[in-house]
Participant: 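Got a structure for you, written out below as structure tokens; questions coming shortly.
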Amino acid sequence: MSRIIILAIIGCLSIIPIGWTQQFGYVSPIGPANWSTLNPDWAICGNGNRQSPINIPTESSSYWPQLSLEIFNGDSLLSGTLMNNEHSVEYAIDNTVTDINRPYLRATYESASFQDGDYVLQQFHFHWGSVDSRGSENQFNGMSSVAEVHFVCRNTLFNSSQAGNEANEFLVLGVLLRVCENSDFYPVFGPNNSFLDQIMSDPDEVPVSLRLSGIYNCGGPCTDTNSYYTFQGSFTTPPCSEAVAWWVAEDMLCISQAQLDMLRSQNVTSAGPRLTDNYRPIQELNQRTILTNTNAATTTLMNMSLSLFLLLLALLFV
Ligand SMILES: *[C@@H]1O[C@H](CO)[C@@H](O)[C@H](O)[C@H]1NC(C)=O
Ligand SMILES: *[C@@H]1O[C@H](CO)[C@@H](O)[C@H](O)[C@H]1NC(C)=O
Ligand SMILES: *[C@@H]1O[C@H](CO)[C@@H](O)[C@H](O)[C@H]1NC(C)=O
Ligand SMILES: *[C@@H]1O[C@H](CO)[C@@H](O)[C@H](O)[C@H]1NC(C)=O
Ligand SMILES: [Zn+2]
């Protein structure tokens, strides 16, 4: 009896001083529009100026051919856990896997305003929509795709005991997904998607061993010939820390219709509601620069050089 009372008191003490929820979601009353007021530590979700996701206007991005994102240790066999964490379906590498045995991404900008660095993979997770017209978080020229995967990596200059507020503490590689007959995600979703079938609601999880190269083997960060858009941003879930160097691939990866359907039928808890449309609406770009090494921007630049050339020519003849 007294133990119950003590527990009740401890319970109140721990609830009252904190007094703020750690719960957020994608539907009212804990949807994205309210994240900034659910917890004082999440205020930046509402008043930040480098929030994610964004709409990427491809034509007005700055062409920067030196950009590259290379992957190392992509063939390491990883032990990890696939889970429904109430906000997403996530594959997290086990803490016992040391950095030296993990894949890492090398971000090269060769620019004064962005810092080059190596970022070690921590986890990857998915955002998706309930219908085909939406689901990705980032957009290209106002267009969404059905889903997006985020590969979350931590800068080797930082460690997990740090706050997560430095601008370049994390790198997130975002890749939009489209529906194809063959999926890029069989190693993580399992034979006949059986792993996905085992994690239909929080706190379901299943141990999964995989190699990143088995998933992302389509010439993504494996090669520096790939096309990216990169900019400074935030986590797209609370606490929305503006600590992320974003790299969004121009090319999409493939998810099968069966896998997309199974994501759409995930539940937040076994009692529901459905876990779907778990994407945050796009945020203001504000004064941010978007760098890209894509051909689209090359064309724009070439057009600009051509105009400049014609202008110079015109001046010569004046
Ligand atoms: C925000 O909270 C208010 C009050 O609880 C609620 O009426 C509203 O629907 C919520 N909005 C979202 C987007 O969750
Ligand atoms: C994490 O980084 C901080 C600051 O550089 C350092 O003081 C601390 O010892 C590091 N912790 C671990 C576990 O490496
Ligand atoms: C694959 O999963 C579907 C749906 O759960 C099931 O109907 C089918 O029998 C499974 N196929 C195999 C080969 O296990
Ligand atoms: C998910 O929740 C819905 C109600 O929102 C329910 O009909 C369905 O059976 C649940 N699915 C699972 C796998 O628990
Ligand atoms: Zn995400």
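Throughout, numbering of the chain's residues begins at 1 and tracks the sequence.
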Participant: Can you find a side-chain donor-acceptor pair between D277 and S130 that sits under 3.5 Å?
Facilitator: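 Yes - a donor-acceptor pair under 3.5 Å links their side chains.
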Participant: May I ask you to check whether W246 and Y228 place their ring centers less than 6.0 Å from one another?
Facilitator: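 They do not qualify: ring centres at least 6.0 Å apart.
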Participant: Got a sec, which residues hit salt bridge (charged side-chain N to carboxylate O under 4.0 Å, His left out) with R106, two or more places apart in sequence or on another chain?
Facilitator: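 For R106 the salt bridge (charged side-chain N to carboxylate O under 4.0 Å, His left out) partners, ignoring immediate neighbours, are D118.
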Participant: Per the ring pair (Phe, Tyr, Trp, His ring centres under 6.0 Å) rule, which among Y109, Y119, F151 passes with W247?
Facilitator: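 Of the listed residues Y109, Y119, F151, the ring pair (Phe, Tyr, Trp, His ring centres under 6.0 Å) partner of W247 is Y109.
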Participant: Do Y279 and S136 have side-chain atoms, one donor and one acceptor, less than 3.5 Å apart?
Facilitator: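 No donor-acceptor contact under 3.5 Å links the two side chains.
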Participant: If you count every heavy atom of other residues, nucleotides or ligands that lies below 6.0 Å from N95 atom CG, does the total exceed 12?
Facilitator: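 Counting other residues, nucleotides and ligands, CG of N95 stays at 12 neighbours or fewer.
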Participant: Closer than 3.5 angstrom, by distance alone: can the side chain of Q51 be matched with the main-chain N or O of S234 as a donor-acceptor pair?
Facilitator: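 Checked: no pair found.
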Participant: If every non-hydrogen atom of S241 is compared with every non-hydrogen atom of V244, which pair is closest and at what distance?
Facilitator: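 Heavy atoms only, the tightest pair is O-CG2, 4.4 Å.
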Participant: Just wondering, are more than 12 heavy atoms of other shown residues or ligands nearer than 6.0 Å to CD in Q257?
Facilitator: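 Counting neighbours around CD of Q257, more than 12 heavy atoms of other residues, nucleotides or ligands fall under 6.0 Å, so yes.
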Participant: Do any pairs count as a side-chain hydrogen bond (donor to acceptor under 3.5 Å, both in side chains) and have a residue in residues 164-181, sequence neighbours left out, and if so which ones?
Facilitator: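 For residues 164-181: Q115-N168.
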Participant: Given S227, which partner from the list V248, L67, T294 fulfils the side-chain contact (heavy atoms from CB on, under 4.5 Å) test?
Facilitator: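 It is T294, the one option of V248, L67, T294 that forms the side-chain contact (heavy atoms from CB on, under 4.5 Å) with S227.
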Participant: Could you walk me through whether S213 and D75 pass side chain to side chain donor-acceptor pair (under 3.5 Å), step by step?
Facilitator: CA-CA 6 Å; S213 57; D75 284 329; 2.6 Å; yes
Participant: Can you check whether T58 reaches T292 side chain to side chain, under 4.5 Å on heavy atoms?
Facilitator: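 T58 vs T292: side chains apart.
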Participant: Ignoring hydrogens and geometry beyond distance, is a side-chain donor-acceptor pair present between T81 and E205 at under 3.5 Å?
Facilitator: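 Checked: T81/E205 side chains show no N/O donor-acceptor pair below 3.5 Å.
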Participant: Does atom CD of Q23 have more than 12 heavy-atom neighbours, drawn from other residues, nucleotides or ligands, at distances under 6.0 Å?
Facilitator: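 Not buried by this count: 12 neighbours or fewer within 6.0 Å.
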Participant: Can you confirm whether L253 sits close enough to F185 that some side-chain heavy atom of one is under 4.5 Å from a side-chain heavy atom of the other?
Facilitator: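 Touching, per the 4.5 Å side-chain cut-off.
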Participant: Under a 4.5 Å cut-off applied to non-hydrogen side-chain atoms, are S160 and R154 in contact?
Facilitator: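 Yes, close enough: below the 4.5 Å cut-off.
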Participant: Under the disulfide bond (SG atoms under 2.5 Å apart) test, which residues partner C153, sequence neighbours left out?
Facilitator: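 In terms of disulfide bond (SG atoms under 2.5 Å apart), with neighbours along the sequence ignored, C153 is linked to no residue.
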Participant: So do the side chains of T230 and W64 get within less than 4.5 Å of each other, counting heavy atoms only?
Facilitator: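 Not touching, per the 4.5 Å side-chain cut-off.
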